[in-house]
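Only one structure is covered here, and it is reproduced in the block below.
For reference, positions follow the sequence shown, starting with 1.
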Amino acid sequence: MTTSESAELPVTYADIERARERLDDDTVVKKTPVERSSSLDEFVGGEVYLKMEHLQWTGSFKTRGAYNKISQDVEQGVDEFVAASAGNHAQGVALAATKCGADSTIFMPVNAPQAKVDATRGYGATVELVGKDFQETMAHAQAAVEETDAAFVHAYDDTDIIAGQGTLGAEMYHDCPDVDTVVVPIGGGGLISGVSTAIKHLSPETRVVGVQATGAETVHESLDKGMPVTLDEVDTIADGIATGGISETTLRIIEQNVDDVVTVTDTEIAQAILLLMERAKQVVEGAAAASVAAILSDDLDVTDETVMPLLCGGNLDMTQLRTVLIHALTERRQLMRLRVRIDDRPGVMEDISGTIADQGANIHDVRHERSVEDLDVGEAYLVFNVETSGQEHADAIVEAIRETGYPVEDIARTV
C-alpha cells in the first residue's frame with residue numbers, strides 16, 4: 001500500500017468537496033465533536049483524540065454517503081430507493097430519502113438489532129427482515145429492486161457513497177491538522193476509502209490504518225490476491241463491519257491510500273466498549289470500538305503519536321450491550337463463575353458463602369449441580385456467580401476457598 005493520491009482512483013478529493021457542499025445542512029449531517037482522552041493517552045503512550053461520529057443524527061456516519069447519492073438521484077427524477085443493511089446504512093438511507101421527499105425500502109438481516117430496526121422505521125423507511133447475514137440480505141434486496149423503478153443504494157460499492165463518507169475524513173483533518181495516525185474501521189471499505197482519500201489529499205504524511213474484526217476479516221487476503229474476497233460466514237459482535245467482503249472499488253482505494261490494516265478480536269472489542277464507557281463516558285457499538293481496540297493492541301504502535309480513532313457508530317442494542325459487558329467483565333475477572341466440589345450435606349453452602357463474604361465479594365446467585373457424571377455418590381457442585389473488584393480480588397477469593405479444603409475452579413475462564 002502506498003501513501004499518495006492517484007488520479008486514476010474512482011473517487012477524488014474534488015468529489016468529496018462537492019459532497020461537502022451538498023451536506024451543508026446541519027439538519028442532515030452535523031459536525032461531530034472531537035475529545036481528547038487522557039485515560040487512553042496513558043494506555044497507548046500518545047495523544048488520543050476521539051472523533052465522535054457516533055453522535056451523528058442517525059448514530060453513525062452513514063447519512064453522509066446516503067444523502068450525497070440520494071439527493072443527486074432525486075434531482076434526476078428518482079423517487080424510490082432500496083438498500084440492504086445490518087442497521088446503520090439503513091438509517092442513513094431512510095433519513096436521506098425522507099429528507100429528499102422520496103420513499104425507501106430497507107432489507108435487513110433477521111437478526112438485526114431491534115434498536116436499529118425500530119430507528120430505521122422511525123426515519124420513514126419500510127423494513128423487510130430477510131436473510132441470516134448481510135450477503136444473503138443483499139441478494140434479496142438486489143432481486144427486489146430489479147422488479148421496480150427504484151434505485152439501489154449500495155452500502156459501500158458506490159462512488160457517491162464513498163465521496164459522502166469522505167466528508168468525514170476532511171472534517172477529521174480540520175479537527176486536528178497535526179494528527180499522525182487515523183484509525184478507521186473496515187466493513188465493506190466505503191468509509192475508509194472516503195476518509196483515506198481526504199486525508200491523503202490534505203496530509204499525505206498522515207498514516208491511515210484500517211481495522212477489521214477477526215471474524216469478518218477480508219482485506220489482507222483481498223490485497224494478497226489482488227481481488228475482493230468474500231466470506232461464506234462472518235462471526236463478530238461488531239455487526240456494523242460484518243459485511244464479509246469489500247468491493248473492487250474499495251479494494252483499489254485501500255491498496256493506494258491505506259498504510260496498514262490490523263485485526264482485533266471480539267474480546268478486544270468488548271474490552272474497548274467497556275473502557276470507553278468507563279473512561280470516556282461514551283457508549284459505542286462494536287464497529288466503533290474496534291478503532292480503540294486497535295490502538296490498545298500489540299499490532300499497532302502509536303507511542304508518542306497524535307492518533308485519532310474514529311468512533312463511527314453508537315447504535316448498540318441494549319441486549320447486546322448486556323452480553324458485551326458480561327463478556328468484558330468476565331475477561332477482567334470482575335465476574336466469576338466458581339464451581340466448588342462438596343460433600344452434599346447441610347451447612348456446606350453457608351460455609352463457602354461465608355468464606356466468599358469474608359473476602360468482601362458479592363454473590364450474585366448460586367445453584368446446586370448433582371447430576372454430573374464425574375461426581376461420586378453423595379457429592380455435588382455448588383456454582384457461584386460472584387462479583388469482584390478485579391484480578392487480585394478474584395485470586396484471593398479462589399485461594400480462600402481452597403484453604404478451607406474445597407476444590408474450586410473458575411469455570412468462566414475454562415469453558
Q: Check step by step if side chain to side chain contact (heavy atoms under 4.5 Å, CB included) holds for Val258 and Asp260.
A: CA-CA 6 Å; Val258 177; Asp260 196 8; 5.9 Å; no

Q) Judged by modelled atom types alone, do Thr306 and Asp178 share a side-chain donor-acceptor pair under 3.5 Å? A) no

Q: Find out whether Val398 and Arg333 are in side-chain contact, i.e. whether some heavy atom of one side chain is under 4.5 Å from a heavy atom of the other.
A: yes

(Q) Quick check against the 3.5 Å criterion: does Lys51 have a side-chain atom that pairs as donor or acceptor with the backbone of Glu171? (A) no

Q.
Is there a side-chain contact between Val211 and Val261 in this structure, where contact means two heavy atoms from C-beta onward sitting under 4.5 Å apart?
A. no

Q.
The test is side chain to side chain contact (heavy atoms under 4.5 Å, CB included); show your working for Ile326 and Leu335 and say whether it passes.
A. CA-CA 7 Å; Ile326 290 173; Leu335 292 178; 4.3 Å; yes

Q: Would you confirm whether Thr167, through its side chain, and Gly164, through its main-chain N or O, come within 3.5 Å as a donor-acceptor pair?
A: yes

Q. Looking only at side chains, do Gln334 and Thr388 share a donor and an acceptor under 3.5 Å apart?
A. no

Q: Indicate whether any N or O donor in one side chain lies under 3.5 Å from an N or O acceptor in the other, for Ser37 and Glu35.
A: no

Q. Out of curiosity, Ile397 CD1 to Phe384 CZ, how far, rounded to the nearest 0.5 Å?
A. 11.5 Å

**Q.** Side-chain H-bond candidate by donor/acceptor type, Asp160 with Tyr67, under 3.5 Å
**A.** no

Q: Taking atom types as modelled, find out whether Glu285 and Asn88 have a side-chain donor-acceptor pair closer than 3.5 angstrom.
A: yes

Q) With sequence neighbours left out, which residue pairs that include part of residues 139-150 fulfil the side-chain hydrogen bond (donor to acceptor under 3.5 Å, both in side chains) condition? A) none

Q: Assess whether atom CG of Asp374 is packed by more than 12 heavy atoms of other residues, nucleotides or ligands within 6.0 Å.
A: yes

(Q) In the structure I gave you, are the side-chain heavy atoms of Glu248 and Met227 within less than 4.5 Å of one another anywhere? (A) no

Q) Going by distance alone, is a donor N or O of one side chain under 3.5 Å from an acceptor N or O of the other, for Asp15 and Thr12? A) yes

Q) Would Glu53 and Thr32 count as having a side-chain donor-acceptor pair, cut-off 3.5 Å? A) yes

Q.
The test is side chain to side chain contact (heavy atoms under 4.5 Å, CB included); show your working for Arg207 and Asp180 and say whether it passes.
A. CA-CA 6 Å; Arg207 180 170 58 154; Asp180 297 303; over 6 Å; no

Q) So, are Arg20 and Glu17 salt-bridged, with charged N and O less than 4.0 Å apart? A) yes

Q) Within the side chain of Trp57, is there an N or O that forms a donor-acceptor pair under 3.5 Å with the backbone of Asp26? A) yes

Q.
Whether the side chain of Thr206 engages the backbone of Val179 through a donor-acceptor N/O pair (distance < 3.5 Å, no angle test) should be reported.
A. yes

Q | Polar side-chain atom of Asp259 near backbone of Val208 as donor-acceptor pair, under 3.5 Å | A | yes

Q. So, Ser297 and Asp299: side-chain donor and acceptor under 3.5 Å apart, yes or no?
A. no

Q: Check whether any side-chain heavy atom of Gln114 lies under 4.5 Å from a side-chain heavy atom of Asp317, and answer yes or no.
A: yes

Q. Should the heavy atoms of other residues, nucleotides or ligands under 6.0 Å from NE2 of His364 be counted, would the total exceed 12?
A. no

Q) Can you check whether Val219's main-chain N or O pairs, donor with acceptor, with Gln212's side chain at less than 3.5 Å? A) yes

(Q) Do Leu311 and Val292 make a side-chain contact, defined as non-hydrogen atoms from C-beta onward lying under 4.5 Å apart? (A) yes

Q | 4.5 Å side-chain heavy-atom contact, Glu305 and Val44 | A | no

Q) Is there side-chain contact between Ile401 and Leu338, with at least one heavy-atom pair below 4.5 Å? A) yes

Q. Looking at residues at least two apart in the chain, or sitting in another chain, which of them share a side-chain hydrogen bond (donor to acceptor under 3.5 Å, both in side chains) with Arg322?
A. none

Q | Backbone of Thr58 reached by a side-chain donor or acceptor of Asn315 within 3.5 Å | A | yes

Q: Tell me yes or no: between the side chains of Ser60 and His54, is some donor less than 3.5 Å from an acceptor?
A: no

Q) To the nearest 0.5 Å, what is the distance between CG (Leu40) and CG (Leu276)? A) 6.5 Å

(Q) If only side-chain N and O atoms count, and only distance matters, is there a donor-acceptor pair under 3.5 Å linking Ser85 with His89? (A) no

Q. Do the side chain of Glu128 and the main chain of Phe107 share a donor and acceptor less than 3.5 angstrom apart?
A. no

Q.
Can you tell me how far apart CD1 (Ile161) and CD1 (Ile70) are? Round to the nearest 0.5 Å.
A. 7.0 Å

Q: Using a cut-off of 6.0 Å, state whether more than 12 heavy atoms not belonging to Glu278 lie near its atom CD.
A: yes

Q. Between Thr137 (side chain) and Asp133 (backbone), is there a donor-acceptor pair under 3.5 Å?
A. yes

Q) Does one side chain, of His393 or Gln359, offer a donor that lies under 3.5 Å from an acceptor on the other? A) no

Q) Can you name the residues that form a side-chain hydrogen bond (donor to acceptor under 3.5 Å, both in side chains) with Lys281, not counting sequence neighbours? A) none

Q) Is the shortest heavy-atom distance from the side chain of Val183 to the side chain of Leu300 under 4.5 Å? A) yes

Q. Would you say Ser247's side chain and Asp157's backbone share a donor-acceptor pair under 3.5 angstrom?
A. no

